[in-house]
Amino acid sequence: MVDYHAANQAYQYGPSSGGNGAGGGGSMGDYMAQEDDWDRDLLLDPAWEKQQRKTFTAWCNSHLRKAGTQIENIDEDFRDGLKLMLLLEVISGERLPKPERGKMRVHKINNVNKALDFIASKGVKLVSIGAEEIVDGNAKMTLGMIWTIILRFAIQDISVEETSAKEGLLLWCQRKTAPYKNVNVQNFHISWKDGLAFNALIHRHRPELIEYDKLRKDDPVTNLNNAFEVAEKYLDIPKMLDAEDIVNTARPDEKAIMTYVSSFYHAFSGAQKAETAANRICKVLAVNQENEHLMEDYERLASDLLEWIRRTIPWLEDRVPQKTIQEMQQKLEDFRDYRRVHKPPKVQEKCQLEINFNTLQTKLRLSNRPAFMPSEGRMVSDINNGWQHLEQAEKGYEEWLLNEIRRLERLDHLAEKFRQKASIHEAWTDGKEAMLKHRDYETATLSDIKALIRKHEAFESDLAAHQDRVEQIAAIAQELNELDYYDSHNVNTRCQKICDQWDALGSLTHSRREALEKTEKQLETIDQLHLEYAKRAAPFNNWMESAMEDLQDMFIVHTIEEIEGLISAHDQFKSTLPDADREREAILAIHKEAQRIAESNHIKLSGSNPYTTVTPQIINSKWEKVQQLVPKRDHALLEEQSKQQSNEHLRRQFASQANVVGPWIQTKMEEIGRISIEMNGTLEDQLNHLKQYERSIVDYKPNLDLLEQQHQLIQEALIFDNKHTNYTMEHIRVGWEQLLTTIARTINEVENQILTRDAKGISQEQMQEFRASFNHFDKDHGGALGPEEFKACLISLGYDVENDRQKQTGSMDSDDFRVLLISTGYSLGDAEFNRIMSVVDPNHSGLVTFQAFIDFMSRETTDTDTADQVIASFKVLAGDKNFITAEELRRELPPDQAEYCIARMAPYQGPDAAPGALDYKSFSTALYGESDL
């Protein structure tokens, strides 16, 4: 060591010691890099400069006194560099280069430069601090240099829970003062003004030195002085701060506080063993608390999902039809809202529930906890069964809705057709019954009687022609009854009235014929022309009425072929119009001929044609009506043809998209299957690859949305079939949901494998070897092994549980050993294998997943925390006693975890029990179940 008391005498130094000393070389880390921008202008604040001078001087003297010296004025005593070099030698434990002789400025500068070079060699970056400023007594630069030395040698090496330097020191203070009332350490300035934090640090480690409960927050000066005096007297920590300066400063100097607090850290560093033990217990308890929260979340989510399924299934199973199309279409719209709005979030909840369940089981296995068994009725299998029931109810519901809409649409069409035909028939029969009952033949002349006979014959022809219409009306009514038409009662009443009236007309017609035939012998003269007119006019009139009826008949088609058939039939009808027009002209010519003969023979005709009520005016009027209805029919058919062409376009548009999306989903499902089997690269590579793959799948969602929009248009157009594709929207939706669920489940499996690997310390080569063996015996590529496949896989890996065969093979490598085991027919014993199966397949499903296989192999090859280790940690906190008290738990553990232990620990019953003793051994054993695996 340099003799700094020999002022101007010669100095002799031995060889400087090598190495980097206590602090080591290299960079001081992120925190030291942040301190390079130290704001030296803050030293212009007189209060802060005063605090730093006092604190830094006391800190330097606490080390210089070990060399038998000290400083009085921090600005002046370091100017020659001698005491500065001595300070660095004391705190680093290393030898510095020999100082130069003499008191000249150049000697002082050289000595200071040697000190600064030594500081720089420790990885400290000195910004704007030069030897000249120190030699000149620059207070700002000198304080900055001392703060840099304090950071490097007193604070940098502080490390608490993976944090270091300032953050580590702050975390240490927070942990130590957490149980104390009115103490909240958030920084190194105002959090220390009331003095309670200093007293709490001392009381935490030396409770006999401080009566903490007697301290008052409103008396900071007393609190500060008490802490400073106790620290100086009992802990050998010099008084570096002044209580009045701290209290009277709005924001105490952070560097001064940190310097002083670091002295407490180093003084109490011996208590780290107890803190480490407390950390182990905290870690174990945190895992247990997190697992309990996950179990509660699973129970809650499972209950909510099952309740939703329970409420939804009766709605989907309701098959009570509605009376009108509008009501059924509303039910269809409600079902679409369910598919688009209500079901997708539940699909995500179900998937997330399975992922949470698998993650929870993995965490329980990794922490050696018993497997989680949900409450009765809330197992994953229960949810899957309920979901399957929901899917089955949903599958038939939409088909039933569409069939009901088709049925109601046909019913409406038939009902309208019934009403139209019934109205036409009722209009025709109006007055017919009175006509047949009229006894006009009793007073008529012979010619009139002949006319009445011919007229009656014409009526019978007309009556026979209307027979088909009556049968059609009855057939339509029968069909409406068979299809359960809601207004069947009125239809039946009207149909029965028509049938009764028709029977009455038949009976009256027969009676009138008998009466006319009875008097026919007396009739000699007949107007043949009128008779011929009547005979030709009646069927022609009936043909026109039928034509008008057909031209006004409603039609409903579903395909382009059907409308083209109607157009073709209409074209054929129009081709008969020229012949019909010639027939009309021929009939009118007969009437004109009768008029001509009467006029030429001066015959005075009495009124209209006695054989028919169909006058030329009626024929011309109906013919004009037919001529008007033909173009209207043309327009209606063309509109329907345009509609069907539009529907055909929608079919082709949907089929084009569906024929792309459907195979794409199937291809992705097959690719995911291959990826889950091959699993090339590290688990992180696989996870990244799967997540990229998942993003590519999610990015494809717009194509599905486009298909949904096209399907919506098809549904709105009431298109029920599509011959251009085998894919329905239901197939696409189910495939998409399965694709999302499969990729999410595969990603979850890889994440669980990463958790297992990191927790158990399994190497990448081991993981690949396990995967290769598993895939080799997974013959059907189903992602799971049967009992015999699993047993063969264990044997191939050289697993031996009964016979010491592996020992008999000497130093064989794993490949030679597998060959020997297989060639000798080696197999696991039944008892041992049943034990293993109960571990990897606790639900007795008969299948072993890859995750269960990895968990088993990791337990066989690695070590984890055990109940014995936790018991040993509690024993450290209890001071080697067989029990622990609530006060000790609250002092050593964070408040929430201390209360967690107190609430669950049973009273200690041993012979050495003390009041309030708690049994930590049974508590630790309970954390891991009845026994360790």
Side-chain angles (χ1 to χ4, degrees), residues 420-438 440-441 444 447-470 472 498 501-502 505-506 508-509 512-513 516 523 525-553 573 576-599 603-630:
Q420 187 181 48
K421 287 183 177 293
S423 298
I424 293 173
H425 176 77
E426 289 167 349
W428 178 84
T429 58
D430 184 34
K432 295 294 188 296
E433 188 172 346
M435 180 195 71
L436 292 172
K437 292 179 179 180
H438 191 212
D440 52 345
Y441 54 86
S447 59
D448 293 334
I449 292 299
K450 290 293 271 187
L452 289 176
I453 291 174
R454 299 293 183 260
K455 182 179 180 181
H456 189 73
E457 290 176 351
F459 172 75
E460 286 181 328
S461 298
D462 200 6
L463 186 67
H466 278 78
Q467 178 67 34
D468 290 339
R469 180 178 288 111
V470 174
Q472 290 176 4
I498 290 173
Q501 186 184 38
W502 184 256
L505 286 176
L508 291 172
T509 300
R512 185 173 178 83
R513 170 170 281 280
L516 290 173
L523 301 178
T525 307
I526 188 167
D527 191 347
Q528 290 295 332
L529 289 175
H530 281 187
L531 180 61
E532 184 181 359
Y533 174 89
K535 287 184 177 180
R536 296 181 68 175
F540 184 73
N541 179 66
N542 186 63
W543 174 87
M544 287 191 296
E545 288 182 348
S546 297
M548 288 188 294
E549 181 181 343
D550 292 338
L551 289 172
Q552 297 179 81
D553 188 18
F573 167 77
T576 65
L577 290 178
D579 293 337
D581 190 33
R582 286 190 290 271
E583 175 68 11
R584 179 184 65 86
E585 291 176 351
I587 293 172
L588 294 178
I590 293 173
H591 176 75
K592 291 178 181 179
E593 181 65 15
Q595 292 289 338
R596 187 190 65 79
I597 294 173
E599 291 175 0
I603 298 173
K604 187 177 181 180
L605 297 176
S606 58
S608 60
N609 191 320
Y611 303 114
T612 181
T613 60
V614 180
T615 65
Q617 293 77 14
I618 292 175
I619 291 176
N620 287 330
S621 175
K622 291 184 178 180
W623 178 255
E624 291 176 1
K625 182 66 174 178
V626 170
Q627 294 293 88
Q628 294 172 359
L629 290 175
V630 168

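- Within 6.0 Å of the NZ atom in K625, the count of heavy atoms belonging to other residues, nucleotides or ligands does not exceed 12.
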Item to complete: Assess whether side-chain contact (heavy atoms from CB on, under 4.5 Å) is satisfied between Q420 and D553, documenting all intermediate values.
Response: CA-CA 8 Å; Q420 187 181 48; D553 188 18; 4.0 Å; yes
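- A heavy-atom distance below 4.5 Å is not found between the side chains of F540 and R536.
- K437 has its side chain out of reach of R512: every pair of non-hydrogen atoms, C-beta onward, lies at least 4.5 Å apart.
- Checked by atom type and distance alone, the side chain of Q552 pairs as donor or acceptor with a backbone atom of M548 at under 3.5 Å.
- A ring-centre distance under 6.0 Å is not found for W502 and H466.
- Here the CG-CD distance, from L508 to Q501, works out to 10.0 Å after rounding to the nearest 0.5 Å.
- By the side-chain hydrogen bond (donor to acceptor under 3.5 Å, both in side chains) test, K432 pairs with no residue at all, sequence neighbours left out.
- Relative ring orientation between W428 and F459 is described as parallel, the plane-to-plane angle staying below 30° on a 0-90° scale split at 30° and 60°.
- Side-chain atoms of H456 do not come within 3.5 Å of backbone N or O of L436 as any donor-acceptor pair.
- Atom CG of L463 and atom OG1 of T509 lie 5.0 Å apart (nearest 0.5 Å).
- Between atom CG of residue L629 and atom CD of residue E549 there is a gap of 12.0 Å, rounded to the nearest 0.5 Å.
- The closest side-chain heavy-atom distance from Q627 to L577 is below 4.5 Å.
- Listed by chain and residue number, nothing satisfies the side-chain hydrogen bond (donor to acceptor under 3.5 Å, both in side chains) test with W543 (two or more places apart in sequence, or in another chain).
- Between the CD atom in E583 and the CG atom in L588 there is a gap of 10.0 Å [rounded to 0.5 Å].
- Contact check for R584 versus I587: no side-chain heavy atoms found under the 4.5 Å cut-off.
- Nearest heavy atoms, I619 versus V614: CG1-CG1, 3.5 Å.
- Across all their heavy atoms, A534 and P539 have their closest contact at O-CD, 4.4 Å.
- Of the possible polar contacts, one joining the N620 side chain to the P616 backbone as a donor-acceptor pair under 3.5 Å is found.
- Annotation: the span from T612 atom OG1 to N541 atom CG amounts to 7.5 Å, rounded to 0.5 Å.
- Here the shortest heavy-atom pairing between K622 and E545 reads NZ-OE2, 2.7 Å.
- Going from atom CD of E585 over to atom CD1 of I590 covers 12.5 Å, rounded to the nearest 0.5 Å.
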